[in-house]
J.: 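Here it is, the structure, as structure tokens.
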Amino acid sequence: MIAFVSGTVASLAPDTAVVEVGGVGMAVQCTPGTLARLRVGRHAKLATSLVVREDSLTLYGFDDEDARQTFELLQTASGVGPRLAQSMLAVHSPDALRAAVSSGDEKALTAVPGIGKKGAQKLLLELRDRLGEPVSGAAAHLPGQGAGAQDGGGWRGQLHSALVGLGYATREAEEAVAAVAPQAEEALAAGAEPPVPQLLRAALQTLNRAR
């Protein structure tokens with residue numbers, strides 16, 4: 001098992017970071033929140049989980065060990081594969097998921113693309129004794145929140161790609177990006193970078209209200 005990768009970020013894509021480790025480029029699947037804090041040419045260390053299939057080896061990367069362990073625990077629930085587990089961590093931090101499960105918050109789980117009402121109810125039952133209680137007061141925060149985002153000119157593309165990657169149609173993603181644009185413009189006006197993880201959360205809330 002590859003527990004972590006540490007090296008220079010060689011390239012970034014909407015859902016993947018390539019980290020150079022000992023002259024080898026390791027492609028790591030990451031959530032938008034994790035990707036938002038990475039920079040090409042800079043050092044990064046990601047906790048990782050290797051998913052082995054008959055026809056593929058896929059490495060998933062996370063900000064820390066807590067997120068990695070949560071990713072693996074989520075997959076112990078029936079019907080939850082690595083992509084859905086990663087989508088859950090794209091919408092909620094590990095502590096937010098623990099808080100949702102421990103309090104029976106069905107709405108929090110249905111905010112994740114691919115999880116309906118019945119699926120959320122099933123997950124609440126299966127995960128209740130597996131995830132444990134939240135460990136901090138920052139349960140509502142996205143992973144990577146506050147860690148920095150992409151440059152002001154790139155937030156739209158990154159956010160749009162993240163939404164499409166989570167399963168939304170191109171038109172839905174465009175409408176959601178437009179809906180949160182005032183928040184990004186506020187940040188730019190204040191001389192700050194638009195916080196992509198927070199914008200993603202706001203965009204997902206907009207899409208859920210439109211259902």
J.: How would you list all residue pairs meeting side chain to side chain donor-acceptor pair (under 3.5 Å) that involve residues 176-188, not counting sequence neighbours?
T.: none
J.: Walk me through whether Asp66 and Arg98 qualify under salt bridge (Lys or Arg N to Asp or Glu O under 4.0 Å).
T.: CA-CA 11 Å; Asp66 185 24; Arg98 285 191 283 265; 2.9 Å; yes
J.: Quick one: OG1 on Thr70 to CD on Glu65, what's the gap to the nearest 0.5 Å?
T.: 9.5 Å
J.: Sequence neighbours left out, what passes side chain to side chain donor-acceptor pair (under 3.5 Å) with Glu72? Give chain and number order.
T.: Ser49, Arg68
J.: May I have the list of side-chain donor-acceptor pairs in residues 123-132 shorter than 3.5 Å, sequence neighbours left out?
T.:
residue : atom : partner : partner atom : Å
Glu126  : OE1  : Ser78   : N            : 2.9
Glu126  : OE1  : Ser78   : OG           : 3.4
Glu126  : OE2  : Ser78   : OG           : 2.6
Arg130  : NE   : Glu126  : O            : 2.9
Arg130  : NH1  : Thr76   : O            : 2.6
Arg130  : NH1  : Thr76   : OG1          : 2.9

J.: Arg171: which residues meet the salt bridge (charged side-chain N to carboxylate O under 4.0 Å, His left out) condition with it, sequence neighbours left out?
T.: Glu175
J.: Rounded to the nearest 0.5 Å, how far apart are CD of Gln75 and CZ of Arg83?
T.: 11.5 Å
J.: Can you tell me how far CD of Gln86 sits from OG1 of Thr58, rounded to the nearest 0.5 angstrom?
T.: 10.0 Å
J.: Scan for ring pair (Phe, Tyr, Trp, His ring centres under 6.0 Å) pairs involving residues 46-85, sequence neighbours excluded, and state none if there are none.
T.: Tyr60-Phe71, Phe62-Phe71
J.: Out of curiosity, Leu97 CG to Leu109 CG, how far, rounded to the nearest 0.5 Å?
T.: 7.0 Å
J.: Could you pull out every donor-acceptor pair under 3.5 Å between side chains of residues 6-28 and any protein atom, sequence neighbours left out?
T.:
residue : atom : partner : partner atom : Å
Ser6    : OG   : His43   : NE2          : 2.9
Thr16   : OG1  : Gln29   : NE2          : 3.2

J.: How many angstroms lie between atom SG of Cys30 and atom CG of Leu89, to the nearest 0.5 angstrom?
T.: 11.5 Å
J.: What distance do Leu46 atom CG and Asp63 atom CG have between them, rounded to the nearest 0.5 Å?
T.: 7.5 Å
